[in-house]
**Q** 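Sharing a structure here in structure tokens format.
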Protein chains: 4
Amino acid sequence: MPKIGMEPIRREALVKATIAEIGAAGSLDVTVSQIAKRAGMSSALAHHYFGGKEQIFVAAMRRILADFAAEVRAELATVQMPDRAAAIIRACFAPSCFTPQTISAWMTFYVLAQTNDQALRLWRIYQSRIRSNLTHALRPVARDPQGAANTLSALIDGLYIRAALNNPDTPEIAARHALAVLDSLKEAQS
Amino acid sequence: MPKIGMEPIRREALVKATIAEIGAAGSLDVTVSQIAKRAGMSSALAHHYFGGKEQIFVAAMRRILADFAAEVRAELATVQMPDRAAAIIRACFAPSCFTPQTISAWMTFYVLAQTNDQALRLWRIYQSRIRSNLTHALRPVARDPQGAANTLSALIDGLYIRAALNNPDTPEIAARHALAVLDSLKEAQS
Amino acid sequence: MPKIGMEPIRREALVKATIAEIGAAGSLDVTVSQIAKRAGMSSALAHHYFGGKEQIFVAAMRRILADFAAEVRAELATVQMPDRAAAIIRACFAPSCFTPQTISAWMTFYVLAQTNDQALRLWRIYQSRIRSNLTHALRPVARDPQGAANTLSALIDGLYIRAALNNPDTPEIAARHALAVLDSLKEAQS
Amino acid sequence: MPKIGMEPIRREALVKATIAEIGAAGSLDVTVSQIAKRAGMSSALAHHYFGGKEQIFVAAMRRILADFAAEVRAELATVQMPDRAAAIIRACFAPSCFTPQTISAWMTFYVLAQTNDQALRLWRIYQSRIRSNLTHALRPVARDPQGAANTLSALIDGLYIRAALNNPDTPEIAARHALAVLDSLKEAQS
DNA sequence: AATGAATGAGGATTCATTCAT
DNA sequence: GATGAATGAATCCTCATTCAT
């Protein structure tokens, strides 16, 4: 019956539970009690560790972005330079990004970012990170790496939403589309 | 003195008020009372006309899409064939699409579509309409009009979100970006 | 089943219930639910009519002071000029001022006035009213009516607290004491 | 390294912190955690030492009364017999009695005494002690020392409350008033 | 001696919704 | 057609208190 050092464990459990609940509800209409219950503790403890509902949400968002960043890194680790952009795209359309949980959390994120400064900041970091990753990857192969990265990253977001709402089961279609555009951006150079 | 023919007027007022409230709140966390108050009637009446909160939301979404469609039509009416795709793009990044109200409503839409079938259907209609519009417009100028339309419409959505969260005041930047991509899609053909 | 004009009735019931509950608890540790229940309605309705707990309290305080003022007026109406000061004193130590309810409410008032501006204002009004009443009544019989009124009103408060905490059942003792001091204040003149 | 003899130090710290918190809040709406935090320990330890919240309050009250008694004693030590009553009055209106802390604690006391027997008992002891002090001091100078002491002590309480709520910054006015009444009580004899 | 962990109970407040008029 | 009245259910959050260590 461990009685010390529970904090990180509890926080971790709560974050996971939050993502799960948001996924199940499809929106931010989730109660702290639900989250706490799923995490196996009282709602009072959830408040104790996070201070409030919004902060639990923000922590969940942070986690989602971290997980996504890890996914990208992992994908990048497996490929050589010429294909780095493709690797990023593949990470964006990995099956793990299309679980109901993740979809909900991601959509929900856009809404949260409208009113919560921390969430907005998180989103901006994610966004600039992915853009800089793409810029870097495109430098050897595209004439205007910066512009191409902007195009690609916006395209990815748009395709993601469409796939999430239309065909969450077959993200490969969207992936293929993005890869095709990537090719065209490369060709444009030669 | 019971007024007659009030129904459409009341509904109209409620829909407008809903959009305004969503815009003010930045989310769907809006109470029926707030909406009704802004619309100048009792919340009971709002229920009477719409049956429930979700249905008010759906009506508001319907209105947003209708307004947007009108905007596109208006823009299209002013241009000749070769520029129809550009006109659509311009409509998508018109200032009226970047008022806080509209941004919130639009973002919120994605969330609502996750749980509300009617909302999802509405979104799909909007989406296929814009895609078919683009396909049609691109037919004379692009090699693969369908694919190019898909690319463009996804790109528009992605750029819209990014502009909305980053630079709601200068949507022209995003518009220019989209137009540039449109050009490249045309060039690709020749 | 009357369905209109309930507001004053409900407010009245709530104010009465609040005083009763404060009396029963002996402090402000009273829940809105308790009050509402005693008043025969849901706590939601109590909030609807008063806006919040503190405002219910303030309304109760206002009522207590109004009742007290009425008591003083009634007592004054029965006596001739030379005895008006004595009448005020008798009103202050009337049995109705020593019901547990009233005692609690009055004590509690002092505490509320520490943090709630409205309550403080109410108390100041009560205080200056009673002082001016006393001054007026003492003018014909005391050398320094103003000073004597100050003395008497402070004495009354002090005796009230002592009687309330020591002998709530026999306020006459305190009354007699105050009347004796009143006499000595008069004698001082002759 | 378990410290020894910490108990009195901890209790002392808690009592001080309680008075400070009550002063800051202006009421008994103070949490044990706040008190414990201010006292530099965990709330669990506060419970360990006092057993519960009310007992912490009672201890604080006890301390307030003890401090006050010490103040009176100190003042008395500086004067000769004929002025002992005046000395008591001066002690009652010393600046230290009008810090927000002390005022709040004192007011609050009246409320606590309504429901807590120990608090009531404490108040009665304080009250009879001050009365006997006054009686003793007035014996050589007033015709009815007992009655005069009763008058004075009630007057002091009344003036205290009024000063506390109206002019906490200038208690001297109230003091002067009480001293004037004292004089008149003396004169009455000669 | 001392505390972090944990919770159950409760409390103010909100809100969608219903109903009688 | 329109609304004030009314509420039950829920939600976030707080807090005194207990316990294992």
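Chain A is the first sequence line, chain B the second, and so forth, proteins listed ahead of strands; every chain is numbered from 1. If you're wondering where the values come from, they're calculated on a predicted model, not measured in any experiment.
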**Q** Are C:Tyr126 and C:Trp106 close enough that their ring centers fall under 6.0 Å?
**A** yes
**Q** Nearest to the side chain of B:Ser42 - F:dG4, E:dA5, E:dA16?
**A** F:dG4
**Q** Among the nucleotides F:dG1, E:dA2, E:dA16, which one has an atom lying closest to any side-chain atom of D:Met6?
**A** E:dA2
**Q** Would you mind telling me which of E:dC15, F:dG4, F:dA16 lies closest to the side-chain atoms of D:Val32?
**A** F:dA16
**Q** Rounded to whole Å, how long is the line connecting atom CG of A:Leu14 with atom P of F:dC12?
**A** 13 Å
**Q** When you compare the side chain of D:Ile161 with that of D:Leu165, does any pair of heavy atoms fall below 4.5 Å?
**A** yes
**Q** List the atom of C:Phe50, the atom of C:Gln55, and the distance in Å for their closest heavy-atom pair.
**A** O-OE1, 2.9 Å
**Q** Only pairs with both distances under 3.5 Å count, Watson-Crick or wobble alike; so what is the partner of E:dA20 in this structure?
**A** F:dT3
**Q** Is A:Arg10 close enough to E:dA6 that one of its side-chain N or O atoms is under 4.0 Å from OP1 or OP2 there?
**A** yes
**Q** Identify which nucleotide among F:dC15, F:dC12, E:dA16 has an atom closest to any side-chain atom of B:His47, counting heavy atoms from C-beta outward.
**A** E:dA16
**Q** Counting only Watson-Crick or G-U wobble pairs whose two distances fall under 3.5 Å, which nucleotide matches E:dA1?
**A**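 By the stated definition (distances under 3.5 Å), nothing pairs with E:dA1.
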**Q** What's the closest nucleotide to the side chain of B:Ser43 if the choices are F:dA6, E:dT17, F:dC13?
**A**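 Among the listed nucleotides, the one closest to the side chain of B:Ser43 is E:dT17.
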**Q** Could you tell me how far apart A:Gln55 (CD) and F:dC12 (C1') are, to the nearest whole angstrom?
**A** 13 Å
**Q** Categorize B:Tyr49 for me: base, sugar-phosphate, or nothing, with a 4.0 angstrom heavy-atom threshold over every strand shown.
**A**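 Sugar-phosphate: the residue B:Tyr49, judged by heavy atoms under 4.0 Å, touches backbone atoms but no base.
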**Q** Of the options F:dA16, F:dA2, F:dT11, whose atoms approach the side-chain atoms of B:Leu45 most closely?
**A** F:dA2
**Q** Examine F:dG1: is either OP1 or OP2 under 4.0 Å from a nitrogen or oxygen in the side chain of B:His48? Give yes or no.
**A**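 Checking B:His48 against F:dG1: at least one side-chain N or O falls below 4.0 Å of OP1 or OP2.
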